[in-house]
Amino acid sequence: CSRLARFFTSLPSDTSMASHNPLSVDSLNPKVLKCEYAVRGEIVSLAQNLQQDLKANPGSHPFEEILYCNIGNPHSLGQQPITFFREVLALCDHPTILDKSETQGLFSADSIERAWQILDQIPGSATGAYSHSQGVKGLRDTIAAGIEARDGFPADPNDIFLTDGASPGVHMMMQLLIRSETDGIFCPIPQYPLYSASIALHGGTLVPYYLDEATGWGLEISELKKQLETARQKGIAVRALVVINPGNPTGQVLAEENQREIVEFCKKEGLVLLADEVYQENVYVPEKQFHSFKKVARSMGYGDKDIPLVSFQSVSKGYYGECGKRGGYMEVTGFSPEVREQIYKVASVNLCSNISGQILASLVMSPPKVGDESYESYFAEKDGILQSLARRAKILEDGLNKLEGVTCNKAEGAMYLFPRIRLPNKAIKEAESLKKAPDAYYAARLLNATGIVVVPGSGFGQVPGTWHFRCTILPQEEKIPAIVSRLTEFHQKFMDEFRD
Ligand SMILES: Cc1ncc(COP(=O)(O)O)c(CN[C@@H]2CONC2=O)c1O
């Protein structure tokens, strides 16, 4: 490889090289150049450099390790998978194990039974084969039954599209809905930047509706009406409304009454309701419960033909946190057969989602029930994870609220805290002199001082003139106190340096 390296270094490194290589950045699709995704942005790249530096030069920084609090990636931070789910996946992926006598001693009886059930649903019992473009029918039957059990309203397996995580489902819907930049998609601000990125990639316009931090990130219908009017006056055709419940990065769980108002608003204004419900199992406060928008719409008397609604679910969150398995689905209801056909066509271009993700999505929507052999251990794992997440959220929230100039709404759900930081003018001016957003400057200083990686609020959108950052609640529980103390010490010094 040294000869190869010499070859590349010997090449002319000036414009003559460019003449042989037409692909310069500014010749790329401008929609790609416009797209941003802060969850894995500049701060994370800096963190990765520091991590390499620490490895090469131990002791070179005032911390021993990088603590990635930028991404909702539970298993990368030590969370264990759910045993029953993994047993079933293992057996489905290597069915010959099922024929061995020793298997009975290694796997629970109900995971063996579930694996046989699933393999019988997969054509040829082959997890290595393409499936139907919406996903294995039998798995969609199971998911539909799980949705019905959750909501108390019917679900049709043919409305379900299994996807490689929720992200591809969101991209698919943006691809279908956005015709040009005069097409707008209503998004909450702050929002999870998959939405702003996908809208940019598909050449549409993000129409903001600001969540109200003062009321715990409440969603006011008056704000929706105002923003819709403003967009329409600019000639924007608003096509859909995105709602993320529980919220990312804001962590609020919508009140059912608020959800009814949103359904009513979409019905009245003819908007497709895109309900991102990937955190539906992540609710930490007793006073809130998750209600799917499907359930809310049906309970208002809106049937299948009354309101176009797409509900997204994922195996990446909840208590399962199986981000890398890339599983999830979108439940597509309320579209005409002709439109439904177009959605299927787009899904069929990718042939199908991965089968392990499909199996896992069916398990998430139909976990062990009371009386099943695995139920006790399954429930203990699930409850242990969710209780710990709730404790971590509270400890971090309390720690953040003790910091000078910081206020932080509680994480009612999801996996994040999104504190507001009131930065001194001197710090804001320093950031501007470095051509950085003030919260990005703060996040970079925090990283360099403590090794803690957070995402600047500017990566999610925020009321102009306010600054935030997003921190996950995912580091293992025993590490949370150290994170709070490191953060506190840094913040104190930062404020001492810049206090007006
Ligand atoms: C609200 C929301 N929707 C969809 C997704 C996409 O998930 P999958 O494609 O994995 O199903 C995420 C992932 N959460 C990102 C990833 O980690 N941190 C985040 O904010 C999310 O937070």
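Just follow the structure's listing: the first ligand is 1, and inside any ligand the first atom is 1.
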Exercise for review: Would you check if the side chain of Gln134 reaches a backbone N or O of Asn158 as a donor-acceptor pair within less than 3.5 Å?
Suggested key: yes

Review point. Donor-acceptor pair, Arg326 side chain versus Gly357 backbone, under 3.5 Å?
Key: no

Review point. Counting heavy atoms only, which part of Val278 comes closer than 4.0 Å to ligand 1: side chain, backbone, both or neither?
Key: side chain

Exercise for review: Consider only side-chain N and O atoms of Thr205 and Glu181, and report whether a donor and an acceptor are under 3.5 Å apart.
Suggested key: no

Practice item. Fit a plane to each ring of Phe494 and Tyr441, take the angle between them on a 0 to 90° scale, and name the class: parallel (under 30°), tilted (30 to 60°) or perpendicular (over 60°). Key: tilted

Review point. Quick one: is the NZ or CZ of Arg470 closer than 6.0 Å to the six-membered ring centre of Phe418, and within 45° of its axis?
Key: no

Review point. Does Arg470 approach ligand 1 within less than 4.0 angstrom via side chain, backbone, both or neither, non-hydrogen atoms only?
Key: side chain

Exercise for review: Show which atoms of ligand 1 fall inside a sub-4.0 Å distance from at least one heavy-atom site of Ile244.
Suggested key: 1 (C)

Review point. Do any nitrogen or oxygen atoms of Cys323 come within less than 3.5 Å of a nitrogen or oxygen of ligand 1?
Key: no

**Study point:** Heavy-atom proximity to atom 22 (O) of ligand 1, best of Phe460, Tyr192, Tyr279, Phe312
**Key:** Tyr279

Check your understanding: Any luck finding a side-chain donor-acceptor pair between Gln175 and His202 under 3.5 Å?
Key -> no

Point to revise | Proximal atoms of ligand 1 relative to Ile71 (non-hydrogen, under 4.0 Å) | key: 16 (C), 17 (O), 18 (N)

Check your understanding: Looking at ligand 1, does Asp276 have a heavy atom less than 4.0 Å from it?
Key -> yes

Practice item. Classify the contact between Ser167 and ligand 1 as side chain, backbone, both or neither, using a heavy-atom distance cut-off of under 4.0 Å. Key: both

Practice item. Report the C-alpha distance between Tyr195 and Ile185 in whole Å, list the side-chain angles of each, state the deciding distance to 0.1 Å, and finish with yes or no for side chain to side chain contact (heavy atoms under 4.5 Å, CB included). Key: CA-CA 9 Å; Tyr195 289 96; Ile185 307 288; 6.0 Å; no

Check your understanding: Would Phe490 and Tyr442 count as a close aromatic pair, with their ring centres under 6.0 Å?
Key -> yes

Exercise for review: Look at atom 19 (C) of ligand 1 and say which protein heavy atom is nearest, naming residue and atom and giving the distance to 0.1 Å.
Suggested key: Tyr416 OH, 3.3 Å

Check your understanding: Would you say ligand 1 has an N or O under 3.5 Å from any N or O of Ser316?
Key -> yes

Check your understanding: What protein heavy atom sits nearest atom 16 (C) of ligand 1, and how far off is it?
Key -> Lys317 NZ, 3.6 Å

**Study point:** Under 4.0 Å to a heavy atom of Arg326 - the qualifying atoms of ligand 1, by number
**Key:** 8 (P), 9 (O), 10 (O)

Exercise for review: May I ask you to check whether Gly72 has an N/O atom sitting below 3.5 Å from an N/O atom of ligand 1?
Suggested key: yes

Exercise for review: Please state whether Met415 comes within less than 4.0 angstrom of ligand 1, counting heavy atoms only.
Suggested key: no

Practice item. Using modelled atom types only, decide if a donor and an acceptor are shared between the side chain of Glu412 and the backbone of Val285 within a distance under 3.5 Å. Key: no

